[in-house]
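Report on one structure; see the data block that follows.
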Amino acid sequence: MENNNKVKIVGSYLSPYVRKVLVCMELKGIEYEIDPIVPFYGSAEFGLLSPLRRIPVLIDGDVVLSDSTVIAEYLNEKYPTPNLLPADIASRGRARWLEEYADSRLGEVLIWHLYHQLVIRKFVWGQEPDHVVLNRALEQEIPDALDYLESQVPKAGFLFDTISIADIAIASFFRNAIFSRYKIDEQRWPKVYRYVADLLAMDCFVKLQKFEAICLKTPILEHRNMLKEAGAPVSEETLGGDKPQPGIVAV
Ligand SMILES: N[C@@H](CCC(=O)N[C@@H](CS)C(=O)NCC(=O)O)C(=O)O
């Protein structure tokens, strides 16, 4: 075990769920280390800490947690400033719903039906995209999600008075849409276009971009070394393996 007091996050810079947690830590000024393992590349030890074999995992001393929402709530309680949940109860409920909508529906369409088809299938499994899944996402599912978000997001600023976990979650998924070369149509969804662009231009997201770019262009097994060279806070030890294995949760 490593002997330092920093919070450790296990998971790749390319995962929207990991990004959600890293942005929370950037905003709160929490020092952390990252073990940037790609999903499906976890070792046997990783499987013991993350029973669903998913990233992110947080390790904070003896505390080991899975799931980005659980981790973000833990961090928000342990490091309460700035508070990433709105103060009043109704807004807090709505923030939690929109975070959940991002994690579940945007996760399904922007990650599994878009990014997974175009990026993961090729680079992890050496497979072509499933064009039926991809076309349904492009023609129906993503437009439906954008219609819903257009009815929710404001013309200016954040969803609530200050940035919340809902803003962070929604923007985190659209970053992967950019990796998949998807562009939000500004004419059709002007509010979402502005909202996502403004969030992704914040320092807490921009700081991560150079590490994301390295992961996008580097073979998976070289991520750690290349990231270290670029100054990422990479941990000494890793829970990564050298071969991918299929996930255990059906999507
Ligand atoms: N509900 C989880 C979802 C995490 C998740 O699906 N992570 C993906 C990476 S983006 C993963 O680990 N996939 C591997 C798998 O499904 O086996 C969270 O919020 O953390």
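Remember, it's 1-based here, ligands and their atoms both numbered in the order they're listed. The first residue of the sequence shown is numbered 1, and numbering continues consecutively from there. These values consider heavy atoms only, across backbone and side chains, with no hydrogens, waters or symmetry-generated copies.
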Original post:
Would you say I111 contacts ligand 1, with heavy atoms under 4.0 Å as the rule?
Top reply: no

Original post:
Does a side-chain heavy-atom distance below 4.5 Å link F160 with L85?
Top reply: no

Subject >> Check: Y17 ring centre within less than 6.0 Å of F173 ring centre >> reply: yes

Original post:
Any nitrogen or oxygen of D103, main chain or side chain, under 3.5 Å from a nitrogen or oxygen of ligand 1?
Top reply: no

Subject >> Heavy-atom neighbours of K207 NZ exceed 12 at 6.0 Å >> reply: no

Subject >> N or O pair under 3.5 Å between P56 and ligand 1 >> reply: no

Original post:
For ligand 1, which atoms sit closer than 4.0 Å to a heavy atom of S15?
Top reply: 9 (C), 10 (S)

Subject >> Sub-3.5 Å N/O-N/O distance, W112 and ligand 1 >> reply: no

Subject >> Nearest option to atom 6 (O) of ligand 1, as decided by whichever heavy atom of R54, E99, K20 sits closest >> reply: R54

Original post:
Any side-chain donor-acceptor pair under 3.5 Å between T69 and E99?
Top reply: yes

Original post:
Within a reach of under 6.0 Å around CE of M202, are more than 12 heavy atoms found that belong to other residues, nucleotides or ligands?
Top reply: yes

Original post:
Who's closest to atom 8 (C) of ligand 1 heavy-atom-wise, of L52, I55, V10?
Top reply: I55

Subject >> Atoms in ligand 1 with a heavy atom of G247 nearer than 4.0 Å >> reply: 17 (O)

Original post:
Can you tell which part of S68 has a heavy atom less than 4.0 Å from ligand 1: side chain, backbone, both or neither?
Top reply: both

**OP:** Output the list of atoms in ligand 1 that are nearer than 4.0 Å to some heavy atom of P39, sorted by atom number.
**Re:** 9 (C), 11 (C), 12 (O), 13 (N), 14 (C)

**OP:** Decide yes or no for Y13 and I34: does some side-chain heavy atom of the first lie under 4.5 Å from some side-chain heavy atom of the second?
**Re:** yes

Original post:
Looking at CG of L58 and CG of D67, how far apart are the two atoms once the value is rounded to the nearest 0.5 Å?
Top reply: 11.5 Å

